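What follows is a short report on a single structure.
Everything numeric in this text was worked out from a predicted model, so none of it was measured. What you see below is based on every heavy atom in this structure, not just the backbone, and it leaves out hydrogens, waters and symmetry mates.
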Amino acid sequence: MTEMETSGLDWFLMKQDGSTPVYILGSSWRTYPTYFQELHKVTVQKPKAIVNDLPTHFGYDQNRYINQSISDSGEIKSYLATNELIRQSDLAFPEEVQAARKHFLREDFSRLNCDTTVNKLYMNYEWELWMIDSVI
């Protein structure tokens, strides 16, 4: 994890609504909350993480809004955490491998920024936290 990802996760752990699920890619969220608590001698609620369940292109290849692609959580609102690794995923693997992996293009992030069902809550240079509203 980079320093910017750590900074974003720290902010989220202190500000989150623990009853709201967070969509993430990757596994660092399983252990980081425990590390954070030990490091800072505080108690935080462990995030209600939905891991690796984001569709490729955030579902924009099939739906107009991201909430139409991830509405299976049953929640009215959910968080989405994105980072530089997700943004660079289309460059990390050869094209023949990308079809088998989840990947996100620059255009997908442009659509995410314009999606009316999403609000950006936090950002630094490598990490963002979004709030997705399931009601259009």
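- Of the inter-residue distances, the one linking Y23 atom OH with I70 atom CD1 reads 4.5 Å to the nearest 0.5 angstrom.
- What you find for H103 and D108 is that their closest heavy atoms are O-OD2, 4.3 Å.
- D115 and Y60 are linked by a side-chain donor-acceptor pair at a separation below 3.5 angstrom, with hydrogens and angles left out of the test.
- Between the side chain of Q68 and the backbone N or O of Y65, at least one donor-acceptor pair lies under 3.5 Å.
- Residues S78 and V22 are not in side-chain contact: their nearest non-hydrogen atoms beyond the backbone lie 4.5 Å or more apart.
- Separating the OG1 atom in T82 from the CG atom in L112 is a distance of 6.5 Å, to the nearest 0.5 Å.
- The side-chain heavy atoms of I66 and T117, taken from C-beta on, include a pair separated by under 4.5 Å.
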Open item on the list: Using the rule given for ring pair (Phe, Tyr, Trp, His ring centres under 6.0 Å), can you reason through Y122 versus F12, listing the C-alpha separation, both sets of side-chain angles and the distance that settles it, and then say yes or no?
Closed with: CA-CA 8 Å; Y122 175 92; F12 174 73; 9.7 Å; no
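- When side chains are defined from C-beta on, P47 counts as touching Q16, because their heavy atoms get closer than 4.5 Å.
- Rounding to the nearest 0.5 Å gives a distance of 12.5 Å between CG of L39 and OG1 of T34.
- Residues meeting the side chain to side chain donor-acceptor pair (under 3.5 Å) test with T2, sequence neighbours left out: E5, E126.
- With a 6.0 Å cutoff to the six-membered ring centre and a 45° limit on the axis angle, R111 does not count as a cation-pi contact of F58.
- G8 and N124 make their closest contact through N-ND2, 3.8 Å (heavy atoms, listed as atom of the first residue, atom of the second, distance).
- Closest of all the heavy-atom pairs between N67 and D133 is ND2-O, 2.8 Å.
- For R64, there are no side chain to side chain donor-acceptor pair (under 3.5 Å) partners two or more places apart in sequence or in a different chain.
- In this structure, CD on Q45 lies 9.5 Å from OG1 on T20, to the nearest 0.5 angstrom.
- With hydrogens and angles left out, the side-chain atoms of S69 and N63 include a donor and acceptor closer than 3.5 Å.
- Under the 3.5 Å distance criterion, the side-chain polar atoms of N83 are left unmatched by any main-chain donor or acceptor of W127.
- Two residues are said to be in side-chain contact when any heavy atoms from C-beta on lie closer than 4.5 Å; F104 and T56 fail this criterion.
- With sequence neighbours excluded, the residues satisfying side chain to side chain donor-acceptor pair (under 3.5 Å) with N113 are K120.
- Counting heavy atoms from C-beta on, the side chains of V44 and F36 come closer than 4.5 Å.
- Scanning all heavy atoms of the two residues, the minimum distance from K48 to G18 falls at CB-O, 4.0 Å.
- For the pair M1 and M4, the minimum side-chain heavy-atom distance is 4.5 Å or more.
- When the side chains of ILVMFWY residues are joined at heavy-atom separations under 4.5 Å, either directly or via intervening members, L85 and L105 end up in two distinct hydrophobic clusters.
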